[in-house]
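In this text the structure is predicted, and so the values were computed from the model without any measurement. Each chain gets a letter, A, B and so on, in the order the sequences are listed, and its residues count up from 1.
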Amino acid sequence: MATLGELERAVMDLLWEQNGRPEGENALTANELRDSLARRGGTTKDGKELAVTTVLTVLSRLEKKSLVQRERDIRPHRYRAVTSREAHTVELMHEVLGSARDREAVLAAFIGSVSAQEAEALRKMLTA
Amino acid sequence: MFWASYLLAALAVILAWPVPVMLSRARWPARAPKTALILWQAIALAGGLSMIGAMLTWGLEPLGDNLLAGLRGLAALLASYQPAPGLDLIHVFALSAALLLGVHLVFTLLLTYYRIAKQRHRHRTLLNLLSSPAKDSPKTLVINHPAPVAYCLPGGSGSVTVLSEGLMELLTPAELQSVLQHERAHLNQRHDLLLWAFAAWRAALPWLPTSQLAQRAVNELIEMLADDAALETTDRPTLIRAVALVAGGERPAGSAAGAPARELLSPEEAQALTSANRLRRLLTPMAPLGRAAQSLVLAGAALLLAVPTVLLLAPGLAG
């Protein structure tokens, strides 16, 4: 595990795994995260063991990007993913595709704007 | 100087309405997408220049016989704090409008850039966490989603093409390759810059027919250019199958940012029409526009830019 980017990814993966759990069990401390990462062979660039301060740096970066929420009411602070992995994927796809209803409208308008001849030529192409 | 401002105003009106309407109805752009894109850029630039120029020259009329003399007069006036004979309220109004429009255009261009850059940055951040690199193509990411999606994310040396798992299941390797070539053409030909400029033009003057028609035409023409680039390495039936299977999926990059509310067509209709026009063009290939005709269009584009420039500067330089 070399870069901060890769660490961010690994931390998010761990937090997303917790995301399905009930309230109270879906958050991890920096120490717990460091131990999980170490079990998965997480080391720094020069092969040293991962320090908790590095994990905290990664967490504060993720917090700034509004991907991670910090629970400050008890110490040590616990961190959890703001939302699930799937919800983020949907957010991305929504930017590219629009909503599902938009997609149906596009398809309907598309079918409406193709002539019978063109549709026939297209059908031949698709079944060829 | 009066005649110059009236000619500029006439040019601005022609470029704001009849010319873009005619061009958007013409059939030849599908046969020469690159040339048509140059013409749309010339129309937008010449249109903006004559709008601002007409108000500027008209407003400066009491201060000098031509634009350069008028500007010198205005500078002297501002330096001396003396009331100007002849510079009444209506001329001051025209000058202010010219200044406001100029500032508005530049500001909207920058604001649109900022919005697109911000959206792209956020998208990239999430993508880095959610996608994995494609096995056998460089600069390609795969995202776990069932809908068939392919799009490109421009960002200099960090540009990537994104494919969904749904797409990879749906398409054969050859079809997938044609989709990749299409997306890479968008990146290599820097279509994001065109989309940015015309999205800004549209956001700045959303009620003007020219800005709406131009944005739609540019969206369609860049898809055609990317199709042509894909055809260099793929055969036509493969690309047609790929386009038909993904049709209605793709949305032009950056269109989500700052899309204004009022439209001639709804975004869905516009997008569907683009897909249909692309398919029609691929199904019934037409010969590219002849060299002579293309040169004529390019000469026309150059003339469009030359006319307002000459009208603005020539009287001052000649006198």
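- Of the possible polar contacts, none joining the A:Lys65 side chain to the B:Leu126 backbone as a donor-acceptor pair under 3.5 Å is found.
- Residue contact with chain A, scored on non-hydrogen atoms closer than 4.5 Å, involves the backbone of B:Asn144 exclusively.
- Side chain of B:Thr234 to main chain of B:Ala230: a donor-acceptor pair is present (N/O by atom type, distance under 3.5 Å, no hydrogens or angles).
- Residue B:Leu127 touches chain A through both its backbone and its side chain, counting heavy-atom pairs closer than 4.5 Å.
- For a residue to count as touching a neighbouring chain, one of its non-hydrogen atoms must lie under 4.5 Å from one of that chain's; by this rule B:Leu130 touches chain A with backbone and side chain alike.
- Side-chain atoms of B:Thr172 come within 3.5 Å of backbone N or O of B:Glu175 as a donor-acceptor pair.
- The backbone N or O of B:Ile143 sits nowhere less than 3.5 Å from a side-chain atom of B:Ser131 that would complete a donor-acceptor pair.
- Looking at A:Glu91, the atoms closer than 4.5 Å to chain B (heavy atoms on both sides) all sit in the side chain, from C-beta outward.
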